[in-house]
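Just so we're on the same page: letters track the sequence lines, and every chain starts at 1.
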Amino acid sequence: MAEKRDEPPGAFDFDEGDLAGAQTLPGALVCPACNGMSTGQFCNGCGYELVPPTTPPTLFPPVGARIDGGGGRGVVLRVPLPSGPGAARFLGMDDELGRYEVLVTPKAADRERGVLARRTEARALLGGYALTPAWAADQGPLRYTVTRLPDAPSLADGLAALLADRHGADVVEGVRRWIVPLTAFLAGQHAEGRFFGLLDPAEILIDADGTLTFREPAHPREFSEAPLAPGRRRGPRGFTAPEVQGHCGGWLGPRTDVFFAGVSLYLALTRIAPLAEAGLSGERLPPPQVYAPDIPPALAAVARRATSPLPERRYPDARALHDALLAAVDNTLARRNVRPQKLQLDIGHELHVGVLKGQYSPLNQDDLFLAYDAPSGIGLFVIGDGVSISEYGSGDMASACVRAEAVELWRTISGQNDLVDGTTDPGIAEAVTLPGLPRRPQLPDDRGRRRQLVVDMLDAANRRIADLVHSEMPRFPGPPEGIMASTAVGAIVDGNAVTLFSIGDSRAYLIRGGTIASLMIDDDLTTQLLRLGRAPSVARQVPAGGALIRCVGEFEKGDDERLIPVPLQPGFRELSVLPGDWLVLCSDGIPDYGGIDEEEAEENIRRAVESAPGAPWAAFELMVLANRGGGGDNISCIVLHFLSSAAMIVETDPALAVGGSAAP
Amino acid sequence: MIRKPVRLDLDVVVEPGATPVTDGEVEITALCRLRLEASPEASPAPLDLAVLPLGPGLVNAAPVTRALERLRPGDRLCLPRSAPITLEQGDTPASLASRLEAAFASPFDTAAEALTYGREALGVDRRPEAAQRLLLVAQSPVVEAMEPLLGVASALTDRHLGLDVVTTSSAMDLGLMIRLANLGGGEVHFVDSAAALEEAVRQRLERLTQQFLVDVRLSLEFVPGVTPGRMYRVTPTPIFLGNVRLTPTDRRLVLDPGPIAPGHEPAFLLTLTVPRRRLGHYRLVDVVARHRTPHRAVTVAQASIMHRVTDDPLEAGWVEAGVVAARDRAEPAGWVEEAARAFLEGDHRRVANTLERLARRMLEVGRQADAHVAGDCRTRYLRTGHLDRNDLNRLRRIVGLA
């Protein structure tokens with residue numbers, strides 16, 4: 001270190017920067033990460049490895065190298081591919097632009113256990129699903145094994161093509177082209193007692209005929225080896241099940257293959273890029289309809305179950321998944337091709353304050369309306385869930401406004417101007433029973449006009465809330481966000497054509513044949529962020545992500561401090577129902593308390609409904625389910641069971657036989 | 001080459017071992033495992049064991065007496081109100097029965113008394129080649145001030161004394177017992193019958209009598225810039241050891257891993273936060289296991305927690321699934337204590353959320369029945385607003401703490 005002495009200026013001028021980098025200790029090095037000085041292999045200041053161990057130069061050739069196989073054969077290495085330790089892989093092309101996979105292994109490697117040997121064993125197990133090498137060549141210490149690739153694109157390519165063609169190809173065609181061959185292949189392997197555990201969509205080639213081959217043969221394992229203990233693994237991001245990363249005990253088995261196929265189906269349906277969050281512990285993938293609202297519910301239900309983060313909840317093997325997928329495809333096509341027809345409708349409903357919620361808030365803030373005319377097959381069903389916390393008014397008043405406007409809409413549809421709202425006690429809503437109707441209810445044929453009826457109804461409810469506020473406060477001083485509000489979910493039924501609508505976070509489920517599918521999406525902040533392309537891990541962690549961004553009770557304030565109702569934008573969905581379908585409309589009190597988590601709650605809802613002898617029983621069981629799970633929120637539900645016109649409905653309560661003189 | 005009769009190895013697995021250079025701050029989990037290899041000619045260290053019955057009232061000595069058949073000639077047994085007994089060839093539990101009956105007939109009234117007595121008894125004619133251990137057999141809940149008791153217990157660690165607890169009392173504050181046992185790498189067993197009590201003591205003695213090393217210490221030295229997070233013992237039973245707090249000047253953590261027997265070596269899990277860094281290979285923590293052999297030599301096993309920042313996506317794609325699985329198993333132990341703490345603080349939302357998280361984790365690891373226990377506990381809490389000792393003890397049992 002230079003000494004500082006009291007010298008006259010200029011006598012000893014130096015720039016301390018000249019000392020930068022000087023070694024003050026023998027063998028000391030400047031750490032490039034933190035600029036500290038340390039001796040030894042690692043920096044004492046930040047742990048950076050100052051002296052990396054000497055490693056031998058890599059054996060493997062670089063991209064661009066040409067491999068000659070003699071006899072005019074040769075390929076140029078173009079793109080490196082993932083490979084295990086001790087080997088390298090490349091995509092190569094010959095002079096005629098033919099594509100090849102080139103595996104490079106050291107000749108001296110253990111031929112019994114090396115990469116080449118394992119690959120040969122995998123090929124033998126896969127049989128016709130694996131490619132046979134075209135030729136091999138030795139150059140220096142390396143062996144090059146060259147395999148001609150068919151023209152078939154990979155599954156990864158196919159999903160990318162679907163993403164690029166988001167609004168083009170039919171979703172069922174996409175599933176048939178890319179997913180059915182995959183599930184059929186896996187079903188065959190599982191039937192022979194083999195599973196994979198780790199699959200890469202880039203290595204699975206599927207041609208237009210549905211023939212599947214592996215670019216790099218995946219090594220199947222025997223069922224007797226399952227479950228495979230957790231170890232060091234690598235899988236493609238967005239396709240690996242949680243257990244591959246060590247979650248859920250880390251054990252691999254056939255259900256791991258089910259997850260892989262399920263994610264592939266999910267991406268084929270939603271046409272989005274693979275989500276890195278797939279495979280995160282404990283987090284379901286977002287509902288598919290968040291990304292594509294019109295996804296067929298049967299296919300969405302299969303994708304949801306196959307991608308469950310808990311292995312035990314997925315299909316037990318690929319055979320079950322394949323069968324469910326084919327059934328879902330058939331169901332989807334049946335819905336598309338069904339003719340308009342009248343069906344019998346069995347109706348149940350329940351309204352309960354919730355055993356726990358009622359202890360501290362005796363007012364039920366849920367409300368509902370239902371009306372049905374059997375001869376015309378037209379009905380209106382609406383549920384409203386009042387927001388608990390509001391500074392001006394209360395949730396029960398808001399949901400009552402929704403119900404009141406539903407009554408008005410039914411008056412319009414049915415022409416019943418003398419219809420009386422049957423509610424006598426503001427705390428307990430009752431179904432409206434109808435006197436004999438002078439004419440059958442009528443709905444517009446046009447889908448747009450039907451939707452407009454709903455929009456008008458909800459806007460009118462919005463105005464009704466504003467009127468209630470202004471009846472107490474002609475000038476409204478506070479923030480509009482504090483005004484009472486309500487969700488609304490409902491259905492207009494016209495024979496087998498159902499128009500579903502939703503604003504808020506109440507739910508509509510379709511249940512059929514052992515599957516349950518949520519039909520609408522929540523209007524909350526988290527869902528909105530997902531739709532805007534935020535990663536699920538980011539969207540879920542936003543504070544107050546469950547807060548509603550749309551509901552009945554939305555206002556702006558004018559300069560005169562009068563409330564200006566905001567035009568509401570509910571979500572819509574058209575659905576053709578089939579005989580045997582169950583439609584459940586409910587507030588979030590049932591899915592929130594129906595199980596340990598939402599996935600279990602949905603399964604419990606499905607089981608309660610499908611095991612019930614009729615819709616009224618089903619509604620009652622749902623109410624009991626939610627109360628048994630804690631009953632911490634108000635509970636309301638309407639259950640609709642669509643039956644063929646020849647079916648018999650078990651009549652449980654004549655008061656529920658709404659619809660004028662129609663006999664059930 | 002002279003091969004040591006007893007060899008202690010330390011291995012470290014890190015997840016993720018490599019992260020992309022584009023990532024910002026990274027949380028890393030390291031699993032540190034001790035492995036013991038004992039050659040056939042090696043012999044386990046003798047055991048000095050103090051058995052401390054905690055009353056009040058009559059404490060059943062018979063199950064403990066029968067379990068003591070695991071002791072070997074040369075082991076020493078310390079009991080209240082009697083001189084230490086060094087077992088000789090031919091000694092059987094029956095020959096000790098009368099002394100045990102006498103000791104259990106007058107149990108200690110408080111744990112502080114029991115631990116103080118045990119420490120003093122084992123300090124008399126101390127044998128440096130012996131492993132020393134306190135065994136608290138509690139058949140009634142501990143009712144005493146916590147901080148003085150913890151002070152007595154922490155003084156045990158200065159003497160390399162570890163504590164195990166076996167209790168049959170459902171009203172026992174297991175959380176307090178776990179804190180006591182944690183200090184010396186001990187375990188807590190909550191049993192519900194005399195037969196289970198005997199089996200728990202027998203199993204514990206089986207490991208205590210297979211220790212080849214004494215006074216083992218694990219020290220971790222953290223490189224500046226690395227922020228330690230949570231620490232867990234993963235095996236033999238998952239325990240949350242706490243949030244690691246260091247000062248800028250003292251970057252070392254020392255802990256007692258507890259008894260190390262072949263096949264029952266402890267493993268520890270540590271989370272670290274590492275700032276955003278340039279490409280390179282980094283040492284994060286130096287881990288050293290020091291121990292004394294029965295002949296007083298100090299031997300060291302050493303390893304480092306390493307991490308690489310890379311621009312190779314294939315290198316960054318590897319996952320150490322074993323580490324993730326170990327973390328998933330260990331984390332619930334901390335959540336139960338977090339729920340207990342949140343309840344005492346009156347943070348009801350945190351209680352409910354923690355219990356929900358616990359139920360979900362039980363589901364994830366395939367333990368449906370335990371998931372429903374946790375879920376029922378949560379539902380009961382939502383209904384009553386109360387989380388009592390029975391609920392907490394039930395939750396501790398399902399996460400394997402007791």
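In this structure, CG on B:Leu382 lies 13.0 Å from NZ on A:Lys357, to the nearest 0.5 angstrom. For the atom pair B:Arg360 CZ and A:Glu283 CD, the distance stands at 7.5 Å (nearest 0.5 Å). The line from CZ of A:Arg233 to CH2 of B:Trp318 is 11.0 Å long, rounded to the nearest 0.5 Å. Atoms CG and CG, from B:Leu363 and A:Asp597 in turn, are 6.0 Å apart once rounded to the nearest 0.5 Å.
Of the two parts of B:Glu15, neither the backbone nor the side chain holds a non-hydrogen atom closer than 4.5 Å to a non-hydrogen atom of chain A. Heavy atoms closer than 4.5 Å to chain A are found in both the backbone and the side chain of B:Ala371. Proximity to chain A is absent for every atom of B:Leu284, based on heavy atoms less than 4.5 angstrom apart. Residue B:Arg327 touches chain A through its side chain alone, counting heavy-atom pairs closer than 4.5 Å. Contacts of A:Arg237 with chain B are absent, with no heavy-atom separation under 4.5 Å from either backbone or side chain. For A:Pro80, no part lies under 4.5 angstrom from a heavy atom of chain B. A:Val244 touches chain B through its backbone: at least one of N, CA, C or O sits under 4.5 Å from a heavy atom, while the side chain does not.
The residue among B:Gln368, B:Arg378, B:His372 with the most heavy atom pairs within less than 4.5 Å of chain A is B:His372. Comparing A:Thr240, A:Leu50, A:Leu310 by heavy-atom pairs within less than 4.5 Å of chain B, the highest count is held by A:Leu310. Interface check for chain A: of the options B:Gly317, B:Gly17, B:Gly280, B:Gly375, the most heavy-atom pairs under 4.5 Å are formed by B:Gly317. Between chain B and the options A:Gly231, A:Pro82, A:Ser83, A:Pro236, heavy-atom pairs under 4.5 Å are most frequent for A:Gly231. The candidate with the highest count of non-hydrogen atom pairs below 4.5 Å against chain B, out of A:Gly631, A:Pro230, A:Gly250, A:Gly629, is A:Pro230. Ranked by heavy-atom pairs under 4.5 Å with chain A, the list B:Glu320, B:Met306, B:His307 is led by B:Glu320.
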message: Let's go through B:His281 and A:Gln41 carefully: what are the C-alpha distance in whole Å and the side-chain angles of both, what is the deciding distance for side chain to side chain contact (heavy atoms under 4.5 Å, CB included) to 0.1 Å, and is it a yes or a no?
response: CA-CA 11 Å; B:His281 200 200; A:Gln41 188 182 1; over 6 Å; no
task: Go through the steps for B:Arg283 and A:Cys43 under the test side chain to side chain contact (heavy atoms under 4.5 Å, CB included), then give the verdict.
output: CA-CA 8 Å; B:Arg283 182 178 66 187; A:Cys43 170; over 6 Å; no
query: Where do B:Val319 and A:Arg234 land on the side chain to side chain contact (heavy atoms under 4.5 Å, CB included) test, with the steps shown first?
result: CA-CA 6 Å; B:Val319 170; A:Arg234 182 173 60 197; over 6 Å; no
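A:Arg534 CZ: 12 or fewer foreign heavy atoms inside a 6.0 Å radius.
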Below 3.5 Å, can you tabulate the donor-acceptor pairs from side chains in residues 219-236 of chain B to any protein atom, sequence neighbours excluded?
| unit_1 | atom_1 | unit_2 | atom_2 | d |
| --- | --- | --- | --- | --- |
| B:Ser219 | OG | B:Arg290 | NH1 | 3.4 |
| B:Arg230 | NE | B:Tyr232 | OH | 3.3 |
| B:Arg233 | NE | B:Thr237 | O | 3.3 |
| B:Arg233 | NH1 | B:Gly185 | O | 3.2 |
| B:Arg233 | NH1 | B:Gly186 | O | 3.3 |
| B:Arg233 | NH2 | B:Thr237 | O | 3.4 |
| B:Arg233 | NH2 | B:Thr237 | OG1 | 2.7 |
| B:Thr235 | OG1 | B:Glu265 | O | 3.3 |
| B:Thr235 | OG1 | B:Ala267 | N | 3.1 |

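Checked against side chain to side chain donor-acceptor pair (under 3.5 Å), A:Glu312 has no partners two or more places apart in sequence or in another chain. Looking at residues two or more places apart in sequence or on another chain, you find a side chain to side chain contact (heavy atoms under 4.5 Å, CB included) between A:Gln359 and A:Leu356.
Contact record, B:Tyr282 with A:Ala33: OH-CB, 3.9 Å, taken as the closest heavy-atom pair. A pairwise comparison of heavy atoms in A:His247 and B:Asp328 identifies ND1-OD2, 2.8 Å as the closest pair.
Residues of residues 345-357 of chain B lying under 4.5 angstrom from chain A, judged on non-hydrogen atoms, do not exist here.
Geometric assessment of B:Arg278 against the ring of A:Tyr48 yields a positive cation-pi assignment under the 6.0 Å and 45° thresholds.
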